[in-house]
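Take a look at the structure set out below.
Just so it is clear, the values below take in all heavy atoms, side chains as well, and ignore hydrogens, waters and symmetry mates. First the proteins, then the strands, lettered A, B, ... as listed; each starts at 1.
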Amino acid sequence: MESEYKPREIEPVVQERWTREQSFAAVEDDSREKFYCLSMFPYPSGKLHMGHVRNYTIGDVISRYQRMCGRNVLQPMGWDAFGLPAENAAIANGVPPAEWTRANIDTMRGQLQRLGFAYDWNRELATCDPDYYRWEQWLFIRLLKKGLVYRAKSVVNWDPVDQTVLANEQVVEGRGWRSGAVVEQREIPQWFLRITDYADELLADLDRLDGWPDAVRTMQANWIGRSEGVEIDFAIRGQEAPVTVFTTRPDTLMGATYMALAADHPLVIAREAADPELAAFCRECRSGGTAAADLETRDKRGFRLDLEAVHPLSGEALPVYVANFVLMGYGTGAIMSVPAHDQRDWDFARAYGLPIKPVIATAEGVAPDVSEEAFTEHGSLVDSGEFTGLGFDEAFAAIADRLAADGRGRRRVQYRLRDWGISRQRYWGCPIPVIHCEACGAVPVPEADLPVRLPEDVTPEGAGSPLPGRADFVEVACPDCGQPARRETDTFDTFVESSWYFARYTGPDNDTAMLDQRANYWLPVDQYIGGVEHAILHLLYARFFQKLLRDEGLSAPDEPFARLLTQGMVLKDGAKMSKSKGNTVDPQAMIDHYGADTVRLFMMFAAPPEQSLEWSDAGVEGAFRFLKRLWRLVADHAATGPAPLADPDALDGGQMTMRRKLHETIAKVGDDIGRRYTFNTAIAAVMELCNALARFDDDSPGGRAVRQEALDAVVRMLTPIVPHVAEVLWQGLGHSDDLLDAEWPIHDPAALARDEVELVVQINGKVRGRIRVAADLDDDAIEAAAREEPNVARHLADQAVRKRIVVPGKLLNLVV
RNA sequence: GCCCAGGUGGCGAAACUGGUAAACGCUGCGGACUUAAAAUCCGCUGGUAGCAAUACCUUGUGGGUUCGAGUCCCACCCUGGGCACCA
């Protein structure tokens with residue numbers, strides 16, 4: 001083999017072989033155990049960034065490792081191709097989103113191929129393809145007919161100057177990003193999916209997702225936010241209908257001192273017209289964006305209504321406020337306020353001079369001091385009439401029962417999770433397959449007419465979606481009555497496409513069905529890899545869709561992703577790499593300079609996959625150096641001709657030590673890659689082994705046999721990470737079989753045996769010496785050996801040992 | 001504001017189940033090779049004191065549990081991610 005490592009020469013040759021031999025085309029085979037490894041598909045934004053390289057390298061390492069373990073691996077790739085950036089690019093450059101997107105896909109596909117990822121390109125898909133999105137439209141219609149889809153009004157960010165709906169991202173400090181106008185909240189009719197019908201199952205199944213990080217499961221559980229509480233009706237003086245509130249703390253009901261309504265509560269809207277001051281306050285509540293982070297960090301403000309609510313138990317009159325922190329979208333849009341036992345209510349009561357009445361006692365059984373803050377813990381009731389003295393659970397039950405008996409309340413399970421609004425007033429998305437007819441209402445497009453194709457010869461210019469202006473798209477006949485009707489011009493949230501693509505990869509070429517038998521073979525995904533930023537929304541929606549597919553009889557599993565790895569961000573100078581910060585490193589330049597293997601190696605070595613990764617040019621250089629050293633190690637060994645086979649029973653001491661190091665490394669690397677996914681420590685272990693091999697200058701037949709065994713293992717252990725150079729080294733070591741299917745090395749337990757171990761000796765927990773002793777020595781003998789160590793003896797002096805702790809094979813601690 | 005992570009040398013990190021803190025790599029310094037440079041190879045590299053043996057200090061801050069804490073508990077500080085129309 002060549003004496004010098006030349007990645008630019010070897011990588012194209014190796015890749016050419018993979019392409020020629022279709023090395024990564026996955027074929028269903030019931031006789032083999034399958035492994036479906038999926039990385040989150042990219043949005044085709046232009047070119048690959050380092051975050052992509054990291055994500056896809058992790059997925060590729062796992063895929064190639066699983067293949068060497070004998071699994072039938074599927075690793076597909078595609079494009080999350082609809083979305084806002086394509087429209088922005090169109091506005092900026094005058095290029096149709098379809099054209100821009102497809103050009104980006106071509107660029108990025110080439111980059112992925114240059115990185116040598118083991119994808120089955122035959123299964124590539126793009127969500128902007130009618131062949132893909134027609135099945136999304138098809139499923140939507142099924143769900144519509146099943147009652148899982150409904151239409152309702154909800155709020156959007158409205159730019160009053162540009163006369164268009166804005167994404168949260170397009171609202172900057174409450175103003176439209178282009179016009180600078182103060183954004184208003186506006187209600188418009190939209191389509192919703194009943195994800196809340198699945199809330200309980202989505203929550204319960206989290207317990208079974210033991211291949212998912214706990215942090216993600218916790219975040220999802222909190223997002224779903226199941227809470228048990230009571231709905232309470234408060235009569236309003238002079239009004240026919242009561243106002244209903246929801247509370248998880250009915251035990252504090254006797255401490256309620258006022259009521260607060262959302263600005264969009266029907267009772268408020270009804271009074272707005274006659275009260276200009278109220279109207280002004282409500283307008284203020286509705287100004288600015290709809291994002292929760294904005295709404296919840298505003299100053300808490302209120303407006304007193306000339307209404308009185310009647311306390312359902314005491315009959316007391318309570319003042320009623322409109323408050324900017326009560327949101328119509330959560331619960332009932334009205335709350336009872338108990339300032340003594342809720343901090344937000346306390347803050348508001350303080351600001352508006354409202355009474356604060358404690359009704360829950362502290363652990364000492366006395367009324368809490370609420371002069372500085374609310375007392376929010378559970379406790380027994382005080383000053384609560386017939387309920388005084390009850391604990392939280394009894395009080396909850398007694399008050400709920402009492403309200404129910406009076407017809408003024410009922411127990412209810414409430415979710416923080418809201419139904420999923422899937423309508424977007426945008427052009428570059430999947431058309432919602434509905435036709436609006438004056439006579440027949442919203443009529444689903446007949447299956448035979450699918451797909452509803454998005455016109456692609458369109459260049460948005462800024463103010464709103466061009467679709468409503470396209471007569472050839474909008475003007476259609478009603479499928480039911482045949483009269484002139486209007487096609488729906490909203491498109492789906494792009495999260496809809498990314499909620500089922502994992503399933504479509506199993507049969508992307510099927511033009512007669514959404515999914516087929518192949519889905520049964522491959523699903524669920526065995527390993528999913530993607531950024532933490534998707535921990536809640538995308539992953540929750542995908543879980544929801546898998547349950548929808550299951551209930552449609554299209555795919556059996558309850559959950560889409562058996563195992564999940566959430567990859568950390570790629571940083572430069574401590575900040576996320578981004579164009580706006582100007583701290584990006586172009587992967588392409590790195591690949592051109594060092595080759596794909598070096599970039600892959602650095603990515604996997606610099607940090608464990610779940611942590612953020614600090615980019616370092618010097619670190620890349622170091623990775624390149626390691627590959628050069630490895631190359632030389634193999635080349636020097638190969639130059640001495642074929643090596644004999646190692647005979648473990650005929651090795652001398654040095655050879656046995658070298659071989660033990662090898663098998664310790666094999667054991668560690670297998671565990672690190674296969675179980676822990678700590679690729680960084682796996683690489684560190686291989687580096688250590690290579691350092692030991694470089695120092696191992698034994699050219700006897702036994703020594704050469706051990707070195708051959710070690711290098712064979714090193715190359716195989718590095719194959720998932722640096723597959724190109726590994727393939728050439730494998731040949732250099734005299735192998736002619738396909739490394740892609742070479743067996744993952746297994747350690748020989750016999751090689752690990754030691755007859756001597758080093759123990760740390762501590763006195764009172766401080767390290768005072770080290771001793772080498774026979775591995776099977778008993779505790780008394782260990783202590784005796786330790787006492788002979790001069791430094792240990794000095795610290796021990798003549799003090800009596802009170803306690804002796806022995807950790808086998810590791811440590812002896814003497815307590816004096 | 002709410003939910004979830006993270007914080008260890010000059011830097012990226014390691015320490016997996018409470019048991020040797022800093023493996024591996026980078027940087028820096030010293031040396032070898034070279035006419036020279038690059039490349040490569042060898043050595044040193046947490047702090048303080050000491051010729052050394054060694055001692056003391058050190059895992060964001062302050063407390064606690066333990067023979068023993070980076071790891072467990074309590075309180076706090078800082079950084080990052082998400083918050084439903086960015087993907």
Side-chain angles (χ1 to χ4, degrees), chain A residues 40 42-43 45 80 83-85 88 156-157 165-171 190 213-216 218-223 225 289-298 300 325 329 344 416-418 420-426 493-495 498 531-538 540-541 566 568-569 571 574-576 602 605-608 610-623 625-626 628-629 632 671-672 675-676 678 680-681 683-688 691 694 758-767 770 790-791 794 802-805 807 810-816:
Chain A
M40 291 182 186
Y43 177 78
S45 54
D80 187 15
L84 209 46
N88 294 336
V156 292
N157 301 306
V165 175
L166 298 179
N168 283 340
E169 188 195 44
Q170 298 171 314
V171 178
Q190 313 222 58
D214 287 339
V216 175
T218 306
M219 280 190 271
Q220 292 219 347
N222 291 338
W223 184 262
T290 60
D294 297 334
L295 296 172
E296 288 176 37
T297 49
R298 282 182 200 170
K300 309 287 176 271
F325 60 84
R344 196 173 56 181
R416 213 188 69 94
L417 179 70
R418 309 195 302 260
W420 178 9
I422 50 170
S423 298
R424 297 292 179 270
Q425 296 69 47
R426 290 188 221 303
D493 177 2
T494 56
F495 271 126
S498 56
V532 234
E533 65 274 20
H534 296 294
I536 298 179
L537 290 179
H538 162 62
L540 188 67
Y541 293 147
T566 51
M569 285 185 312
L571 313 178
K576 179 179 180 172
F602 170 72
F605 179 61
E610 311 227 44
Q611 263 175 53
S612 58
L613 180 154
E614 184 72 30
W615 181 265
S616 154
D617 289 338
V620 179
E621 191 68 48
R625 259 203 297 272
F626 170 70
K628 282 193 287 188
R629 266 203 309 273
R632 227 173 10 249
D671 188 51
D672 283 356
R675 177 182 67 89
R676 296 176 66 208
T678 51
N680 55 327
T681 54
I683 294 165
V686 175
M687 285 175 168
E688 243 184 285
N691 291 343
E758 188 181 72
L759 295 186
V760 161
V761 183
Q762 296 183 333
I763 293 166
N764 288 347
K766 283 188 186 291
V767 179
R770 281 155 231 274
N791 199 44
R794 189 163 65 84
R802 278 199 305 131
K803 196 171 173 185
R804 181 173 77 195
I805 294 125
V807 181
K810 286 203 163 155
L811 145 160
L812 164 72
N813 185 16
L814 299 173
V815 184
V816 297

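- Considering only side-chain N and O atoms, N791(A) lies nowhere under 4.0 angstrom from the phosphate OP1 or OP2 of U54(B).
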Interface polar pairs with nucleotides 75-80 of chain B, N/O, under 3.5 angstrom:
none

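- The distance between atom CG of D493(A) and atom C1' of A84(B), rounded to the nearest whole Å, is 9 Å.
- In this structure, R676(A) reaches the A15(B) phosphate: one of its side-chain N or O atoms is under 4.0 Å from OP1 or OP2.
- Considering only the side chain of L84(A), C86(B) comes nearest among G1(B), C56(B), C86(B).
- The A607(A) side chain lies nearest to A13(B) when the options are A13(B), C83(B), C57(B).
- In this structure, L417(A) and L540(A) approach most closely via the heavy-atom pair CD1-CD2, 3.9 Å.
- Contact annotation for Q170(A): no contact, since no heavy-atom pair falls under 4.0 Å across all strands.
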B/S/- contact track for nucleotides 19-24 of chain B, protein heavy atom under 4.0 Å: BBS-BB
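- Here the C1' atom of nucleotide G82(B) and the CD atom of E169(A) are 15 Å apart, to the nearest Å.
- Note: L812(A) CG to I805(A) CD1 = 9.0 Å, rounded to the nearest 0.5 Å.
- Of the candidates C16(B), G81(B), A84(B), the closest approach to any side-chain atom of R675(A) belongs to C16(B).
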Secondary-structure notation, RNA chain B, from Watson-Crick and G-U pairs under 3.5 angstrom (| other strand): (((((((..(((......[....))).(((((.......))))).((((....))))..(((((..]....))))))))))))....
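- Distance noted for atom P between U58(B) and G70(B): 10 Å (whole Å).
- P213(A) comes within contact range of no nucleotide atom at all, as no heavy-atom separation falls under 4.0 Å.
- At a threshold of 4.0 angstrom between heavy atoms, the contacts of F325(A) with the nucleic acid are absent.
- Counting any heavy atom pair closer than 4.0 Å across all strands shown, R416(A) reaches a base atom.
- No N or O donor and acceptor, one from the side chain of R804(A) and one from the base of C67(B), sit under 3.5 Å apart.
- Both K803(A) and A606(A) lie close to RNA chain B; mapped to their nearest nucleotides by heavy-atom distance, the more 5′-ward contact belongs to A606(A).
- For G7(B) and U61(B), the C1' atoms lie 11 Å apart once the distance is rounded to whole Å.
- L759(A) comes within contact range of no nucleotide atom at all, as no heavy-atom separation falls under 4.0 Å.
- Not a single ring pair (Phe, Tyr, Trp, His ring centres under 6.0 Å) links F626(A) to another residue, sequence neighbours left out.
- H538(A) and F495(A) have parallel rings, their planes meeting at less than 30° on a 0 to 90° scale where 60° marks the start of perpendicular.
- Between the CD1 atom of I536(A) and the OH atom of Y541(A) there is a distance of 10.5 Å, given to the nearest 0.5 Å.
- Separating the OH atom of Y541(A) from the C1' atom of C86(B) is a distance of 13 Å, rounded to the nearest angstrom.
- At a threshold of 4.0 angstrom between heavy atoms, the contacts of H538(A) with the nucleic acid are absent.
- Looking at residues two or more places apart in sequence or on another chain, you find a side-chain contact (heavy atoms from CB on, under 4.5 Å) between P85(A) and Y43(A), W100(A).
- Atom-to-atom, CH2 of W615(A) to P of C26(B) comes out at 15 Å; the value is rounded to the nearest Å.
- With sequence neighbours left out, T566(A) forms a side-chain contact (heavy atoms from CB on, under 4.5 Å) with P213(A), V216(A), V532(A), L564(A), E610(A).
- Residue A535(A) is classed as having no contact, given no heavy-atom separation below 4.0 Å to the nucleic acid.
- G9(B) shows a glycosidic angle within 90° of 0 and is accordingly assigned syn.
- Nearest heavy atom pair, residue N157(A) against residue A167(A), reads ND2-C, 3.9 Å.
- The same atom, P, is picked in C3(B) and in C76(B); the two are 13 Å apart, to the nearest Å.
- A distance of about 15 Å separates the C1' atoms of G60(B) and G9(B), rounded to the whole Å.
- Atom C1' of G25(B) sits at a distance of 26 Å from the matching atom of A37(B), rounded to the whole Å.
- K766(A) NZ to N813(A) CG: the interatomic distance, rounded to the nearest 0.5 Å, is 11.5 Å.
- Listed by chain and residue number, nothing satisfies the side-chain hydrogen bond (donor to acceptor under 3.5 Å, both in side chains) test with H534(A) (two or more places apart in sequence, or in another chain).
- Looking only at atom types and distance, the side chain of D672(A) has a donor-acceptor partner in the side chain of T681(A) under 3.5 Å away.
- Within 4.0 Å of T494(A), counting heavy atoms only, lie sugar-phosphate atoms of the nucleic acid but no base atom.
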Nucleotides 2-9 of chain B: protein proximity per nucleotide (B base, S sugar-phosphate only, - neither; heavy atom, under 4.0 Å): -SSS----
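- Taking both residues in full, the closest heavy atoms of A607(A) and S612(A) are given as CB-O, 3.7 Å, listed atom of the first, atom of the second, then distance.
- Judged as a side-chain hydrogen bond (donor to acceptor under 3.5 Å, both in side chains), and not counting sequence neighbours, the contacts of R675(A) are D671(A).
- Counting any heavy atom pair closer than 4.0 Å across all strands shown, S45(A) reaches no nucleic acid atom.
- Separation of the P atoms belonging to U27(B) and U40(B) is 10 Å when rounded to the nearest angstrom.
- Comparing the C1' positions of A22(B) and U8(B) gives an interatomic distance of 8 Å, to the nearest angstrom.
- In this structure, Q190(A) contributes its side chain and R424(A) its backbone to no donor-acceptor pair below 3.5 Å.
- Looking at heavy-atom distances under 4.0 Å, Q190(A) makes contact with a base.
- Nearest heavy atoms, T494(A) versus D80(A): O-OD1, 4.2 Å.
- G10(B) and C83(B) have their C1' atoms separated by 38 Å, given to the nearest Å.
- For the pair N88(A) and Q170(A), the tightest heavy-atom approach, listed with the atom from each and the gap, is OD1-NE2, 4.3 Å.
- One atom, CG of L537(A), and another, C1' of A87(B), lie 11 Å apart when rounded to the nearest Å.
- For the pair F602(A) and E614(A), the tightest heavy-atom approach, listed with the atom from each and the gap, is CZ-O, 3.9 Å.
- Partners of R418(A) by side-chain contact (heavy atoms from CB on, under 4.5 Å), not counting sequence neighbours, listed by chain and number: Y330(A).
- F605(A) is linked by a ring pair (Phe, Tyr, Trp, His ring centres under 6.0 Å) to nothing, counting only residues two or more places apart in sequence or in another chain.
- Of the listed nucleotides (C83(B), A87(B), A14(B)), A14(B) has the atom at the smallest distance from the side chain of P608(A).
- Both S612(A) and K300(A) lie close to RNA chain B; mapped to their nearest nucleotides by heavy-atom distance, the more 5′-ward contact belongs to K300(A).
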Using a cutoff of under 3.5 Å, can you pull out all pairs of nitrogen or oxygen atoms linking the protein to nucleotides 38-46 of chain B, with atom names and distances?
| residue | atom | partner | partner atom | Å |
| --- | --- | --- | --- | --- |
| U40(B) | O3' | R632(A) | NH2 | 3.2 |
| C41(B) | OP1 | R632(A) | NH2 | 3.3 |

